**Student:** 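What follows is a single structure, and I will ask about it in a moment.
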There are 2 protein chains.
Amino acid sequence: MERNVDLDGFLENKQNFIPHLSIDSVIFGFHQDQLKVLLLRVHDSGVWSLSGGFVRMEEGIDPAALRILRERTGLENVYLEQYHTFGHEDRSKKNTLADILDFGHTEEFRNSWLNKRFISIGYYALVDFSKVNPTPDPFSDKAEWFDLKDLPPMIFDHREMIDKALESLRANLDTKLVGFNLLPETFTMPELQSLYETILGVPLRRNNFQRKMLGMDILERIEKLYTGAANKAPYLYKFKAPNVEAV
Amino acid sequence: MERNVDLDGFLENKQNFIPHLSIDSVIFGFHQDQLKVLLLRVHDSGVWSLSGGFVRMEEGIDPAALRILRERTGLENVYLEQYHTFGHEDRSKKNTLADILDFGHTEEFRNSWLNKRFISIGYYALVDFSKVNPTPDPFSDKAEWFDLKDLPPMIFDHREMIDKALESLRANLDTKLVGFNLLPETFTMPELQSLYETILGVPLRRNNFQRKMLGMDILERIEKLYTGAANKAPYLYKFKAPNVEAV
DNA sequence: GTATTATTGTCCCAAAATGGGAAAATAATA
DNA sequence: TATTATTTTCCCATTTTGGGACAATAATAC
């Protein structure tokens with residue numbers, strides 16, 4: 001079965017990437033009170049992967065991660081954080097690309113640098129869901145958001161990479177005040193609370209949550225009110241400090 | 001100037017290491033109320049480095065880090081934690097080995113895989129100072145403990161690697177109860193407090209520190225008392241949970 | 001208009017955790 | 001037996017957190 005997958009120069013590593021080393025990013029978004037991750041479907045398969053890529057010989061790893069992210073989302077300024085490097089000896093031995101992609105030049109692929117053992121540097125990105133333009137890469141034919149609680153089969157160890165990214169995000173949520181990067185410019189207090197509840201996986205109390213957030217003096221209350229329903233309209237807030245600092 | 005530095009097979013990568021990828025470990029110890037790091041002196045130079053090494057083609061990165069650690073300290077079971085991967089494009093362009101080591105086969109070295117750009121996975125280890133047997137590696141002629149507040153000139157970006165490791169250690173100190181790995185089996189409360197004060201860099205209150213530690217129900221009080229001076233002898237404690245869990 | 005309903009925003013008090021001073025205990029020495 | 005230095009415990013004031021109740025308000029129902 002011949003599939004028209006264009007790996008322009010990839011198989012021969014014409015772009016001069018560092019061998020055995022990759023970058024994978026868990027792209028988090030928040031939509032309809034759910035935490036989402038952007039995944040790529042490996043060509044004509046039921047197997048999905050994180051947004052990944054390789055590091056050029058003269059390129060820093062942070063710039064490489066940002067470049068890859070730009071290509072998958074269209075976004076220039078994203079909050080990005082390196083959280084763990086995955087290097088178990090057989091992390092890429094299950095659900096390998098060679099197993100999934102059986103297009104024409106299979107033999108060429110199996111022997112190429114792409115089919116070797118890889119150590120992958122894990123990043124997670126926090127983006128404004130509505131601003132993302134999901135774009136597949138040469139290994140995939142589709143880019144789609146998935147609910148974190150309903151993930152599809154995934155390539156390699158990408159499932160564990162997501163789990164660990166969520167763990168890191170949780171740990172950083174309070175200390176680094178990082179959640180705002182998942183929301184649009186302005187938001188209501190219930191929206192912010194829902195975000196925190198979803199990430200942490202626990203319900204929080206309205207009154208105490210509001211007290212804590214306002215007490216930190218990081219929110220600016222926009223005077224205008226929100227369009228609404230048959231009840232009191234919530235205020236809109238914006239985050240005082242500019243979003244996006246990490247990396 | 002010809003120096004007798006034996007890099008048996010290193011220059012030609014006979015051991016089949018993954019190119020462009022290294023591991024560096026910040027080995028922390030605690031001695032005389034000071035936080036120490038174990039450093040290696042690059043052959044006949046005033047420049048020092050962390051304990052580092054490379055990953056074999058079929059070897060996981062955690063086992064590789066443990067192997068390197070074993071070679072430098074003689075210890076089998078050490079608390080080891082991966083904290084950050086350093087991959088700035090010119091992180092290895094200052095104080096390079098080629099600059100420092102000017103032994104006979106300089107030309108061979110300059111052209112070898114060792115003199116290329118490296119991405120380094122950073123670990124930190126917490127060890128019982130008294131149990132370590134410091135041992136240099138093929139690139140160094142001396143292994144020595146340094147006070148964290150009095151570090152010598154260091155190769156590459158190893159100084160920043162230490163700074164960032166300390167940052168991570170501080171962040172993990174309370175949540176992961178990791179400090180006990182720096183002490184011997186049994187210790188007194190003032191010793192434990194001194195450890196915390198030294199790592200965190202702030203003075204703590206005796207009474208409240210003790211309340212907090214005892215309140216967590218992780219310490220077992222050994223009934224025997226400590227040999228002493230002209231005052232009340234402190235109790236000895238031991239950590240209930242077995243040390244060494246990470247990695 | 002007035003009452004109703006569903007939320008949001010605010011207030012208050014009890015419980016728990018923390019800061020910080022002082023007293024009790026004790027091992028050696030004078 | 002008193003003194004000294006240090007460890008351990010106790011206690012109270014302050015701050016933070018948990019949790020219930022009430023006031024405010026935007027649309028709808030009457």
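We name chains A, B, ... by the order of the sequence lines, and we start the count at 1 in each one. What you see is a predicted model; the values in this text were computed from it and never measured.
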**Student:** Please report, rounded to the nearest Å, how far the C1' atom of D/dT7 is from the CD atom of B/Gln193.
**Tutor:** 11 Å
**Student:** Under 30°, 30 to 60°, or over 60°: which ring-plane class applies to A/Phe54 and A/Phe139, parallel, tilted or perpendicular?
**Tutor:** perpendicular
**Student:** Would you please test A/Tyr83 and A/Asn172 for side-chain hydrogen bond (donor to acceptor under 3.5 Å, both in side chains) and show each step?
**Tutor:** CA-CA 10 Å; A/Tyr83 70 99; A/Asn172 283 335; over 6 Å; no
**Student:** Are A/Gln210 and C/dT10 close enough that a side-chain N or O sits under 4.0 Å from OP1 or OP2?
**Tutor:** yes
**Student:** Write down the distance between CE (B/Met189) and P (D/dT9), rounded to a whole number of angstrom.
**Tutor:** 9 Å
**Student:** Which atoms form the tightest heavy-atom contact between B/Leu182 and B/Phe30, and what is the distance?
**Tutor:** O-CB, 3.9 Å
**Student:** Can you tell me the Watson-Crick or wobble partner of C/dA16, both distances under 3.5 angstrom?
**Tutor:** D/dT15
**Student:** Would you mind reading off the distance between A/Phe209 atom CZ and D/dT16 atom P, rounded to a whole angstrom?
**Tutor:** 18 Å
**Student:** B/Asn208 pairs by side-chain hydrogen bond (donor to acceptor under 3.5 Å, both in side chains) with which of B/Arg206, B/Arg211, B/Lys212, B/Arg205?
**Tutor:** B/Arg211
**Student:** Just how far, in rounded Å, is P of D/dT7 from CE of B/Met213?
**Tutor:** 16 Å
**Student:** Quick one: B/Leu236 CG to C/dT26 P, roughly how many Å, whole number?
**Tutor:** 17 Å
**Student:** Of all heavy-atom pairs between B/Ile199 and B/Leu166, which one has the smallest distance, and what is that distance?
**Tutor:** O-CD1, 4.2 Å
**Student:** C/dT7 C1' sits how many Å from A/Asn231 CG, rounded?
**Tutor:** 4 Å
**Student:** Find out whether B/Leu40 and B/Leu50 are in side-chain contact, i.e. whether some heavy atom of one side chain is under 4.5 Å from a heavy atom of the other.
**Tutor:** no
**Student:** Quick one: what's the B/S/- string for nucleotides 15-24 of chain C, heavy-atom cutoff under 4.0 Å, read 5' to 3'?
**Tutor:** ---BBBB---
